[in-house]
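Residue numbers count from 1 along this sequence. Just so it is clear, the values below take in all heavy atoms, side chains as well, and ignore hydrogens, waters and symmetry mates.
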Amino acid sequence: MAPLILIFFLTLPMSAQRGMGSSSKAVPRAAPKMPAGIRVPAIDLRDVAPAWGVTSPNYYGGETSKRHILEMSGNGVALFDFDNDNKLDILFVNGARLDGTSRLSMLYRNLGGGKFTSAPLPTSGWAQGACVGDFDNDGFTDLLITRYGGNLLFRNEGGRLRATAFLATPGAFHTGCTFLDYDRDGRLDLFVSSYVAFPMSAAIAAKATCTWLGINVFCGPRGFATGVNHLFHNDGGGRFSDVSQRAGIRVEGLHYGFAAITADFDDDNWPDIFVACDSTPSLLYRNNHDGTFAEVAVPSGTAYGENGEEQGGMGAAAADFDRDGRIDIARTNFIDETATTLYRNFGEMFFADQTVATGLAVNTRLVAWGTEFLDLDQDGRLDLVAANGHIYPELARAKTGDPYPMPRLVYWNAGGVFLDATKQSGPGATEARASRGLATGDLDGDGSPEIVIVNMNGPPTILKNHAPKGNWLLVKLVGTASNRSAIGAKVFVTAGGERQLSVVPGGSSYLSQPDFRRHFGLGGSRRVESIEVIWPSGKRDTLENVEANREIEIREGSTSR
């Protein structure tokens with residue numbers, strides 16, 4: 001193959017000053033009243049990472065104090081089968097410190113039976129996030145790692161990840177990324193979001209000159225140059241070109257970008273892009289079907305909070321939480337805001353902030369990062385989890401009432417309304433850590449997804465639900481006319497008369513990558529009436545009368561109608 005040439009990112013960020021001065025002390029809203037008789041089911045999340053041998057600590061920024069905003073963001077995690085043995089592997093992204101030291105990212109190969117073996121992946125410097133996709137359609141999943149100053153693209157050569165491109169963009173703070181086929185030519189393109197821009201010399205020389213509740217801390221993003229997002233077109237033959245300007249990705253105004261997710265939000269079978277932004281309006285790029293995008297966050301209702309306020313957006317997830325056939329958006333936020341903002345999709349690219357209406361406004365004293373929808377009890381309704389942790393390790397020694405490590409969040413879906421089930425969800429939910437990235441996927445092959453969490457400067461967490469659960473189905477897709485990873489494909493599963501929708505993700509949560517395989521909880525149903533797949537190419541496949549509690553692979557065109 002020809003060597004990979006990328007015409008890559010020039011990211012100019014901005015700066016927002018987070019929580020400098022008095023705290024607004026947002027008041028949690030009361031949850032909607034639940035119908036009588038509804039009880040949260042048994043959820044028993046326990047950390048199995050030590051038992052599975054997944055113990056390598058994260059390395060990012062100062063452990064007890066941080067002088068610069070670069071040290072705050074932390075890292076993501078990617079779950080993907082890099083060696084094609086049908087077992088989900090784990091990549092933990094590592095970073096650096098201002099003293100010039102850094103650690104390589106760590107790839108854990110899944111041996112099965114709750115056993116993993118690790119090997120370093122060469123990613124020195126301030127690595128941030130990861131996303132995966134088979135950009136050359138050779139059957140092996142490739143990897144992109146975002147970094148301050150440049151990004152690394154790894155081509156998967158038969159189970160061996162080889163760095164094939166490094167794009168130097170001095171001063172650029174790249175964060176989230178997602179693969180997508182925005183022009184539906186069957187090849188995966190790349191979107192990369194960016195946070196703020198500054199020379200490394202400024203970070204090294206930085207001193208804590210701002211305050212948080214009377215403590216000297218680093219200054220937030222306000223005052224830095226704005227982040228510039230990038231779109232790279234896959235030209236084939238291992239070549240990408242930067243089409244950000246002509247595609248309408250570079251927009252005016254301050255947008256400090258973190259998480260990037262892609263899905264068909266307006267149901268026209270073309271992928272759109274959402275970017276969670278910190279202290280500035282979030283972004284929603286609508287696909288115009290001609291190689292360009294229109295930024296529509298404000299008219300769509302996804303730019304701000306319920307009252308038109310800018311929020312400190314970090315993580316994001318897309319899913320059909322209410323089973324109406326439309327993809328909704330969850331975004332995590334900074335302290336003194338609701339930990340999660342939920343935008344319900346009403347169709348035709350119109351969303352409404354339903355945070356209060358769905359019971360998600362009850363937590364305002366957390367700094368929330370990675371988040372994902374998943375069906376914890378496999379009852380057919382998507383629950384919501386989040387990883388949390390403050391940005392100032394100095395709080396561990398102060399007596400401000402704001403902790404540095406924070407518990408996770410577990411919201412159980414009671415039928416379109418969420419109940420905070422954190423305290424009833426086992427020790428893995430209530431354990432406090434300073435967490436960042438989060439990804440979900442079935443690591444041990446039992447049909448129930450685990451939750452993998454990156455903990456700042458500490459060992460990772462893998463949460464497994466040990467409580468009894470309902471029936472399930474795992475759907476693996478292989479594209480032929482569409483991209484081989486099937487990113488962007490929609491899977492509709494009907495069981496027990498209920499229809500569910502899930503979309504193959506190209507990146508999600510906070511700078512992280514979940515399992516491509518789509519997991520469906522089926523409750524008491526032991527058979528699936530139908531599975532319908534709408535591929536990015538527009539083709540459709542349908543299967544009927546499928547037995548539950550197994551993984552099924554569907555190749556594009558195998559049952560076309």
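No option in T371, I453, L409 other than L409 meets the side-chain contact (heavy atoms from CB on, under 4.5 Å) test with N388. Remark: of the listed residues V132, D81, L477, V132 is the sole one forming a side-chain contact (heavy atoms from CB on, under 4.5 Å) with F516. A salt bridge (Lys or Arg N to Asp or Glu O under 4.0 Å) with K490 is found for exactly one of D268, D320, D264, namely D264. The side chain to side chain donor-acceptor pair (under 3.5 Å) with N333 is formed by just one residue from the set T341, T340, T355; it is T341. Y411 pairs in a side chain to side chain donor-acceptor pair (under 3.5 Å) with only one of the listed residues (T422, D420, N363), which is N363.
Under the 3.5 Å distance criterion, with hydrogens and angles disregarded, a donor-acceptor pair is assigned to the side chains of S435 and N455. With hydrogens and angles left out, the side-chain atoms of H233 and D183 include a donor and acceptor closer than 3.5 Å. R155 and T164 share no donor-acceptor pair across their side chains, judged by distance under 3.5 Å alone. With 3.5 Å as the limit, one finds no donor-acceptor pair spanning the side chains of D134 and N483. No side-chain donor from either of E372 and Y510 sits under 3.5 Å from a side-chain acceptor of the other. Side-chain atoms of Y182 and D272 include no donor-acceptor pair closer than 3.5 Å. Inspection of the E556 and S482 side chains reveals an N or O donor paired with an N or O acceptor under 3.5 Å. In the model, N549 has a side-chain atom that pairs as donor or acceptor with a side-chain atom of N471 under 3.5 Å. Between the side chains of Q513 and S508, no donor-acceptor pair of N or O atoms lies under 3.5 Å.
Aromatic rings from F179 and F191 are positioned such that their centres are separated by 6.0 Å or more.
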Can you list the steps and then say if E547 with R526 is a salt bridge (charged side-chain N to carboxylate O under 4.0 Å, His left out)? CA-CA 6 Å; E547 186 179 352; R526 294 185 175 275; over 6 Å; no
Pair L161-L107, side chain to side chain contact (heavy atoms under 4.5 Å, CB included): steps then yes or no: CA-CA 10 Å; L161 293 169; L107 179 63; 4.0 Å; yes
Which is it for F135 and F240 under the ring-ring contact (aromatic ring centres under 6.0 Å, His included) test, yes or no, and what are the steps along the way? CA-CA 10 Å; F135 74 79; F240 286 75; 5.5 Å; yes
Does Y59 form a side chain to side chain donor-acceptor pair (under 3.5 Å) with N75? I'd like the steps, not just the answer. CA-CA 9 Å; Y59 192 87; N75 309 99; over 6 Å; no
For a side chain to side chain contact (heavy atoms under 4.5 Å, CB included) check, start with the C-alpha distance between V93 and R147, then their side-chain angles and the critical distance, and finish with the verdict. CA-CA 10 Å; V93 180; R147 301 167 74 249; over 6 Å; no
After noting the C-alpha distance and the side-chain angles of R517 and V475, does the key distance pass the side chain to side chain contact (heavy atoms under 4.5 Å, CB included) rule? CA-CA 5 Å; R517 298 172 301 176; V475 180; over 6 Å; no
Apply side chain to side chain donor-acceptor pair (under 3.5 Å) to residues T542 and T559 and explain how you reach the verdict. CA-CA 6 Å; T542 302; T559 67; 5.7 Å; no
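Between F92 and Y108, the angle of the ring planes goes over 60°, which puts this pair in the perpendicular group of the 30/60° scheme. Below 30°, between 30° and 60°, or above 60°: for F350 and F346 the angle between ring planes is between 30° and 60°, a tilted geometry. The aromatic rings of H289 and W270 sit parallel to each other, their planes meeting at less than 30°, with 60° as the upper class boundary.
Residues E551 and K476 are not paired through a salt bridge, judged by the lack of any N-O separation under 4.0 Å between the basic side chain and the carboxylate. For the pair D181 and R187, the salt-bridge criterion is not met [side-chain N within less than 4.0 Å of a carboxylate O]. Contact check on D541 versus K539 returns no salt bridge, with no Lys/Arg side-chain nitrogen under 4.0 Å from an Asp/Glu carboxylate oxygen. Ion pairing between D267 and R326 fails under the 4.0 Å rule for side-chain N and carboxylate O. Remark: R408 engages E431 in a salt bridge, criterion side-chain N to carboxylate O under 4.0 Å.
Of all non-hydrogen atoms in A318 and I261, the two that sit nearest each other are CB-CD1, 3.8 Å. Across A127 and Y60, no two heavy atoms sit closer than the pair O-CE1, 3.5 Å. Here the closest heavy-atom approach between residue F258 and residue M314 is recorded as CB-O, 3.3 Å. Counting all heavy atoms, side chain and backbone alike, F82 lies closest to N156 at O-ND2, 2.9 Å. The minimum heavy-atom distance between R184 and S537, with the atom names listed, is NH2-O, 3.5 Å. Residues D442 and D515 come closest through the heavy atom pair N-OD2, 3.8 Å.
Counting only residues at least two apart or in different chains, salt bridge (charged side-chain N to carboxylate O under 4.0 Å, His left out) contacts with residues 448-460 comprise E450-K464.
D89 pairs by the salt bridge (charged side-chain N to carboxylate O under 4.0 Å, His left out) definition with nothing, not counting sequence neighbours. K87 meets the salt bridge (charged side-chain N to carboxylate O under 4.0 Å, His left out) test with D85; sequence neighbours excluded. Residues that satisfy the ring pair (Phe, Tyr, Trp, His ring centres under 6.0 Å) test with Y343, not counting sequence neighbours, are absent from this structure. For D379, the salt bridge (charged side-chain N to carboxylate O under 4.0 Å, His left out) partners are R381, not counting sequence neighbours. The salt bridge (charged side-chain N to carboxylate O under 4.0 Å, His left out) search around D322 returns R344, not counting sequence neighbours.
F116 does not carry R109 over the face of its six-membered ring by the limits of under 6.0 Å from the centre and within 45° of the normal.
Surrounding CD of E553 are more than 12 heavy atoms belonging to other residues, nucleotides or ligands, all under 6.0 Å away.
Contact check for V452 versus T461: no side-chain heavy atoms found under the 4.5 Å cut-off.
Atoms CG and CH2, from N269 and W535 in turn, are 12.5 Å apart once rounded to the nearest 0.5 Å.
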